[in-house]
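Heads up: the structure comes next, in structure tokens.
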Amino acid sequence: MNHFSVPAMVESFKELFPKEASIAVSDVQQFLYYEPSKQIDLKIQPGDKINENTVTFKALSIQEKTSDHVNSTVFGTPYFGTSVPILDDGDPAGCITAILPSKQLRFLSAFLTVQMKDSWVPFAYEDIMYLEAQNRKTWVQTEQGMGTHKFVLGDLELYLPDDTFIRCHRSYIVNVKYIAEIQPDSHSTFLLIMKDQTRIPVSQTYASHFRKSLSF
């Protein structure tokens with residue numbers, strides 16, 4: 001990984017991360033870049049070795065997106081992290097990790113409360129078909145209709161169940177239960193036909209992870 005390109009890469013992908021998150025970027029052995037947030041600072045320094053008890057280490061080991069709570073014995077501060085490995089020809093080359101305070105996980109339970117016109121309706125995760133970022137709003141499509149949520153897509157991605165919801169595009173997270181068909185599209189990407197006939201793209205950025213998650 002080119003060390004000098006890391007800050008530019010983080011800046012380009014910032015909108016995918018929660019605003020409250022600290023961001024750490026590593027290669028396979030050490031951290032290369034760290035940007036703390038006002039909410040949490042793990043005091044990571046470029047050159048620090050990757051501890052085997054971190055989310056970063058786990059993501060690199062299994063070569064899959066990983067989310068987990070980490071207690072205070074590692075950095076002196078408990079945190080919730082989501083790490084996405086960067087693969088080069090199938091081999092891990094590095095990792096990007098979003099770090100949040102553990103206490104932030106309290107705001108969501110097994111339901112997502114969606115604003116529908118002039119009221120708010122709680123929906124169980126299983127009733128949510130997909131989420132879309134559009135016009136600076138997060139739109140939530142349910143079996144009962146579409147509404148909005150006050151948190152951005154990057155925030156919600158950290159809390160939605162990984163076994164059901166998959167990020168397939170910078171603007172979409174889908175519930176795999178509502179995928180009717182996966183069609184090949186140009187440039188090694190895919191097109192999802194949802195059960196309500198909505199067509200959702202899988203971008204190149206997420207195609208490999210998407211395919212691996214669904215084992216095809």
Side-chain angles (χ1 to χ4, degrees), residues 12-19 21 55 59 62-68 80-87 95-98 100 104-105 107-116 120-216:
S12 298
F13 285 90
K14 259 186 178 179
E15 65 183 83
L16 301 179
F17 304 133
K19 296 177 182 178
V55 181
I62 65 175
Q63 298 181 33
E64 291 183 357
K65 174 186 171 184
T66 304
S67 297
D68 204 358
F80 178 81
T82 293
S83 295
V84 180
I86 302 168
L87 303 180
C95 197
I96 302 177
T97 301
L100 285 167
Q104 290 213 205
L105 295 178
F107 83 81
L108 284 179
S109 59
F111 293 83
L112 203 62
T113 303
V114 179
Q115 184 170 2
M116 310 280 286
W120 288 264
V121 182
F123 288 98
Y125 288 144
E126 61 188 28
D127 295 327
I128 296 170
M129 302 172 68
Y130 61 87
L131 301 93
E132 177 183 4
Q134 185 180 108
N135 299 327
R136 298 186 178 181
K137 287 187 177 182
T138 299
W139 296 87
V140 182
Q141 181 67 56
T142 73
E143 290 189 334
Q144 287 72 42
M146 179 175 280
T148 61
H149 196 279
K150 65 179 181 178
F151 290 100
V152 300
L153 210 59
D155 291 342
L156 292 174
E157 183 182 10
L158 295 177
Y159 308 109
L160 295 169
D162 284 344
D163 59 343
T164 307
F165 290 88
I166 298 180
R167 186 77 172 260
C168 64
H169 189 279
R170 64 184 300 175
S171 299
Y172 289 98
I173 296 175
V174 298
N175 185 338
V176 296
K177 289 174 51 180
Y178 290 96
I179 298 174
E181 188 177 342
I182 303 171
Q183 297 181 352
D185 201 7
S186 60
H187 306 296
S188 302
T189 60
F190 307 99
L191 183 66
L192 307 181
I193 310 299
M194 306 301 287
K195 290 183 178 179
D196 67 348
Q197 297 306 303
T198 299
R199 301 163 74 87
I200 294 177
V202 178
S203 69
Q204 277 188 311
T205 302
Y206 296 95
S208 178
H209 174 69
F210 182 84
R211 187 165 190 163
K212 191 170 184 179
S213 297
L214 271 65
S215 303
F216 73 99

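As a basis for the values below, the full set of heavy atoms in this structure was taken, side chains included, without hydrogen atoms, waters or symmetry mates.
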Going from CD on Q197 to NZ on K195, what distance comes out if it is rounded to the nearest 0.5 angstrom? 11.5 Å
Can you list everything that forms a salt bridge (Lys or Arg N to Asp or Glu O under 4.0 Å) with D196? Sequence neighbours excluded, please. none
CD of E181 to CZ of R199, rounded to nearest 0.5 Å, is 9.0 Å
Could you give the distance from OH (Y125) to CZ (F111), rounded to the nearest 0.5 Å? 9.5 Å
Hey, could you give me the OG1/NE2 distance between T113 and H149, rounded to the nearest 0.5 Å? 6.5 Å
Nearest heavy-atom approach of S83 to T97 is OG-OG1, 2.6 Å
Starting at SG of C168, measure out to CD1 of I182 and round the result to the nearest 0.5 Å. 10.0 Å
In this structure, are over 12 heavy atoms from other groups packed under 6.0 Å from K137 atom NZ? no
How long is the gap from CZ on R170 to OH on Y206, to the nearest 0.5 Å? 8.0 Å
For a quick test of reading the model, state the closest non-hydrogen atom pair linking G81 to V55 and the distance between them. O-CG1, 3.7 Å
When you look at F165 and I128, which way does the side chain to side chain contact (heavy atoms under 4.5 Å, CB included) test go after all the steps? CA-CA 9 Å; F165 290 88; I128 296 170; 4.0 Å; yes
Would you say that Q141 contacts M194 through its side chain, given a criterion of any heavy-atom pair below 4.5 Å between the two side chains? no
Using the side-chain contact (heavy atoms from CB on, under 4.5 Å) definition, which of the options L112, L131, L156 pairs with F151? L156
If I compare all heavy atoms of I62 with all of K212, which pair ends up nearest, and what's the gap? O-NZ, 4.0 Å
For T189 and S203 the tightest heavy-atom approach is CG2-C, 3.8 Å
Shortest non-hydrogen contact from V176 to D163? CG2-O, 4.3 Å
Donor-acceptor under 3.5 Å (D185 side chain, L191 main chain): no
Using modelled atom types only, decide if a donor and an acceptor are shared between the side chain of T66 and the backbone of E64 within a distance under 3.5 Å. yes
Between N175 (side chain only) and K177 (backbone N and O only), is there a donor and an acceptor less than 3.5 Å apart? yes
Residues L153, R167; criterion side chain to side chain contact (heavy atoms under 4.5 Å, CB included); working and verdict: CA-CA 9 Å; L153 210 59; R167 186 77 172 260; 4.0 Å; yes
Is the ring pair F190/F210 parallel, tilted or perpendicular, if the boundaries are 30 and 60 degrees? tilted
Please tell me if the side chains of T142 and M129 come closer than 4.5 Å, counting only heavy atoms from C-beta onward. no
Report the residues that fulfil ring-ring contact (aromatic ring centres under 6.0 Å, His included) with Y172, sequence neighbours left out, ordered by chain and then residue number. H169
Tell me if a side-chain donor or acceptor on Y178 pairs with a main-chain N or O of E126 at a distance below 3.5 Å. yes
